[in-house]
Peer 1: 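This structure is in structure tokens; I'll ask about it shortly.
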Amino acid sequence: MTISMIVAYGKNWEIGLNNQMLWHISEDFKNFKTITSGHHIMMGRKTFESIGKPLPNRTSIVLTRGDFKHEGVHTFDEVQKAFDFAKESGEEELFIIGGANIYATLFPYVDKMYLSEVDYEGEADAFLKPIDFSSWDLLEEKYYENIIKNGEMTSPSWTFRVYNKK
Ligand SMILES: NC(=O)c1ccc[n+]([C@@H]2O[C@H](COP(=O)([O-])OP(=O)(O)OC[C@H]3O[C@@H](n4cnc5c(N)ncnc54)[C@H](OP(=O)(O)O)[C@@H]3O)[C@@H](O)[C@H]2O)c1
């Protein structure tokens with residue numbers, strides 16, 4: 001089973017503030033949906049609470065050490081139990097979808113990364129640990145322009161990249 005991580009981060013590795021995303025990029029959401037649909041997605045309890053519901057067409061796995069439960073969600077108190085569950089369900093590519101705590105803990109297990117680097121700088125309280133790209137091969141790269149409506153930028157520019165571990 002391939003373990004993949006998918007994340008959008010800013011110029012200073014910002015990923016969130018007050019348990020919310022820092023930008024709204026609808027094309028990035030669409031990409032996220034296309035890439036993760038049909039797969040198991042694994043997240044921390046706080047990220048699940050920020051999304052608020054299981055995402056359709058995906059099997060949601062939530063990591064918690066507490067007694068958190070939610071309909072339509074599989075909860076585990078240990079990473080290995082969650083991996084085993086996905087593997088036993090026949091999953092070929094499991095997606096780690098955040099947040100900061102989970103990305104940091106699970107990074108050593110990650111085989112493939114789907115990264116959206118957003119041209120954004122601002123206040124944040126959740127960050128990705130800076131990635132050393134020297135041990136990763138770039139497979140794919142695409143730049144997306146910002147979106148300006150009525151003279152106001154409604155969506156920043158961003159670059160999507162896919163990497164495989166060397
Ligand atoms: N930009 C992006 O792509 C992106 C994606 C996802 C999230 N985010 C942002 O990230 C932020 C949330 O990140 P966060 O670090 O605060 O929280 P988080 O990683 O989503 O969740 C942390 C929680 O996960 C549980 N947990 C962590 N490690 C565990 C382990 N080894 N075993 C069992 N349970 C474990 C604990 O839950 P309990 O406390 O219940 O024990 C812990 O409090 C938000 O701002 C969100 O918007 C950004």
Side-chain angles (χ1 to χ4, degrees), residues 1 3-37 39-56 58-87 93-131 133 136 140-142 144 146 154-163:
M1 181 174 74
I3 297 179
S4 294
M5 145 177 156
I6 185 162
V7 60
Y9 62 96
K11 284 179 183 295
N12 303 303
W13 304 95
E14 307 90 324
I15 66 165
L17 178 65
N18 299 325
N19 217 22
Q20 296 298 319
M21 293 289 287
L22 296 163
W23 41 73
H24 184 85
I25 306 176
S26 60
E27 198 64 25
D28 187 42
F29 277 126
K30 268 192 240 163
N31 256 358
F32 175 84
K33 188 176 170 190
T34 305
I35 292 165
T36 58
S37 280
H39 293 278
H40 286 67
I41 54 174
M42 188 161 153
M43 69 207 89
R45 191 258 311 158
K46 291 183 186 169
T47 290
F48 178 79
E49 287 185 336
S50 129
I51 301 171
K53 57 176 182 352
L55 293 172
R58 279 148 282 190
T59 305
S60 292
I61 295 176
V62 174
L63 289 174
T64 176
R65 296 188 188 91
D67 53 13
F68 170 82
K69 292 255 176 321
H70 194 286
E71 205 189 331
V73 162
H74 303 268
T75 52
F76 293 94
D77 60 359
E78 272 177 39
V79 173
Q80 199 54 53
K81 289 183 196 163
F83 284 165
D84 290 347
F85 167 74
K87 238 184 259 173
E93 186 173 13
L94 163 75
F95 286 89
I96 294 163
I97 69 157
N101 198 296
I102 295 299
Y103 290 133
T105 307
L106 298 186
F107 191 72
Y109 300 96
V110 173
D111 307 302
K112 191 169 181 181
M113 307 192 287
Y114 298 75
L115 305 182
S116 298
E117 185 183 351
V118 180
D119 294 326
Y120 172 95
E121 254 181 307
E123 194 191 349
D125 61 11
F127 295 84
L128 203 60
K129 240 176 95 191
I131 298 168
F133 289 101
W136 296 84
E140 204 181 311
E141 181 171 46
K142 187 173 176 192
Y144 293 82
N146 62 11
T154 55
S155 177
S157 55
W158 56 291
T159 306
F160 175 71
R161 297 186 184 91
V162 182
Y163 289 89

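Just follow the structure's listing: the first ligand is 1, and inside any ligand the first atom is 1.
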Peer 1: Quick one: CD1 on I96 to CD1 on I41, what's the gap to the nearest 0.5 Å?
Peer 2: 12.0 Å
Peer 1: Quick check: closest heavy atoms across K112 and V162, and the distance to 0.1 Å?
Peer 2: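 K112 and V162 have their closest heavy atoms at CE-CG1, 3.6 Å.
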Peer 1: Less than 4.5 Å apart, any side-chain heavy atom of E14 and any of V118?
Peer 2: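 The answer is no; the side chains never approach within 4.5 Å.
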Peer 1: Regarding atom 34 (N) of ligand 1: of the candidates T64, T47, D28, which has the closest heavy atom?
Peer 2: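 The option holding the nearest heavy atom is T64.
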Peer 1: Just go through G44, A100, A124 and tell me whose heavy atom is the nearest to atom 13 (O) of ligand 1.
Peer 2: A100
Peer 1: List the closest protein heavy-atom neighbour of atom 48 (C) of ligand 1: residue, atom name, distance to the nearest 0.1 Å.
Peer 2: I15 O, 3.2 Å
Peer 1: As an exercise, identify every atom of ligand 1 less than 4.0 angstrom from a heavy atom of L17.
Peer 2: 45 (O)
Peer 1: Does K30 come within less than 4.0 Å of E27, counting only side-chain N to carboxylate O?
Peer 2: yes
Peer 1: Taking only non-hydrogen atoms of F48, do any sit less than 4.0 angstrom from ligand 1?
Peer 2: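 F48 does not count as a contact of ligand 1 under the 4.0 Å cut-off.
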Peer 1: Starting from atom 18 (P) of ligand 1, locate the nearest protein heavy atom and write down its residue, its atom name and how far away it is, to 0.1 Å.
Peer 2: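 I find the closest protein heavy atom is G99 N, 3.6 Å.
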Peer 1: Can you name the closest pair of heavy atoms from L63 and A82 and give their distance?
Peer 2: CD2-CB, 4.1 Å
Peer 1: Under 4.0 Å from a heavy atom of I97: give me the atoms of ligand 1 that qualify, with their elements.
Peer 2: 5 (C), 6 (C)
Peer 1: So between L63, T75, D77, N101, whose heavy atom ends up nearest atom 28 (N) of ligand 1?
Peer 2: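 Shortest heavy-atom distance from atom 28 (N) of ligand 1: N101.
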Peer 1: Assess whether side-chain hydrogen bond (donor to acceptor under 3.5 Å, both in side chains) is satisfied between N18 and Q20, documenting all intermediate values.
Peer 2: CA-CA 5 Å; N18 299 325; Q20 296 298 319; over 6 Å; no
Peer 1: Can you tell me which residue and heavy atom of the protein come closest to atom 1 (N) of ligand 1, and the distance to 0.1 Å?
Peer 2: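 Looking at atom 1 (N) of ligand 1, the protein heavy atom closest to it is A8 O, 2.7 Å.
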Peer 1: Look at atom 11 (C) of ligand 1 and say which protein heavy atom is nearest, naming residue and atom and giving the distance to 0.1 Å.
Peer 2: A126 CB, 3.8 Å
Peer 1: Number the atoms of ligand 1 from 1 as they appear, then name those within less than 4.0 Å of a heavy atom of G66, with their elements.
Peer 2: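 Near G66, meaning under 4.0 Å from one of its heavy atoms, ligand 1 has 41 (O).
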Peer 1: Looking only at heavy atoms, is any part of Y9 under 4.0 Å from ligand 1, and if so is it the side chain, the backbone, or both, or is it neither?
Peer 2: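 Neither part.
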Peer 1: Can you tell me how far apart CZ (R45) and CG (D67) are? Round to the nearest 0.5 Å.
Peer 2: 10.0 Å
Peer 1: Identify, for atom 46 (C) of ligand 1, the protein heavy atom at the shortest distance, and state residue, atom and that distance.
Peer 2: N19 OD1, 4.1 Å
Peer 1: Among all protein heavy atoms, pick the one closest to atom 43 (O) of ligand 1 and tell me residue, atom and distance.
Peer 2: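 Going by distance alone, atom 43 (O) of ligand 1 is nearest to K46 CE, 3.7 Å.
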Peer 1: When the ring planes of H74 and F85 are compared, do they come out parallel, tilted or perpendicular, using 30° and 60° as the limits?
Peer 2: tilted
Peer 1: Under a 4.0 angstrom heavy-atom cut-off, which atoms of ligand 1 come close to G16?
Peer 2: 45 (O)
Peer 1: Is there a heavy atom in L22 that sits closer than 4.0 Å to ligand 1?
Peer 2: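 Under 4.0 Å: no for L22.
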Peer 1: Taking atom CD1 of I102 and atom CZ of F107, what is their separation to the nearest 0.5 Å?
Peer 2: 15.0 Å
Peer 1: When the aromatic ring centroids of W158 and Y144 are compared, is their separation below 6.0 Å?
Peer 2: yes
Peer 1: Of all the atoms in ligand 1, which lie at a distance below 4.0 Å from a heavy atom belonging to M21?
Peer 2: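 The atoms of ligand 1 under 4.0 Å from a heavy atom of M21 are 1 (N), 2 (C), 4 (C), 47 (O), 48 (C).
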Peer 1: Tell me which one of R65, K81, E78 gets a heavy atom nearest to atom 31 (N) of ligand 1.
Peer 2: R65
Peer 1: Heavy-atom contacts with Q20 under 4.0 Å: which atoms of ligand 1 show up? List them by number with element.
Peer 2: 45 (O), 47 (O)
Peer 1: In this structure, are over 12 heavy atoms from other groups packed under 6.0 Å from Y109 atom OH?
Peer 2: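 Not more than 12 within 6.0 Å, no.
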Peer 1: Give the residue and atom name of whichever protein heavy atom lies nearest to atom 23 (C) of ligand 1, and the separation in Å to one decimal.
Peer 2: R45 N, 3.7 Å
Peer 1: Report the distance from atom CZ of R161 to atom NZ of K142, rounding to the nearest 0.5 Å.
Peer 2: 14.0 Å
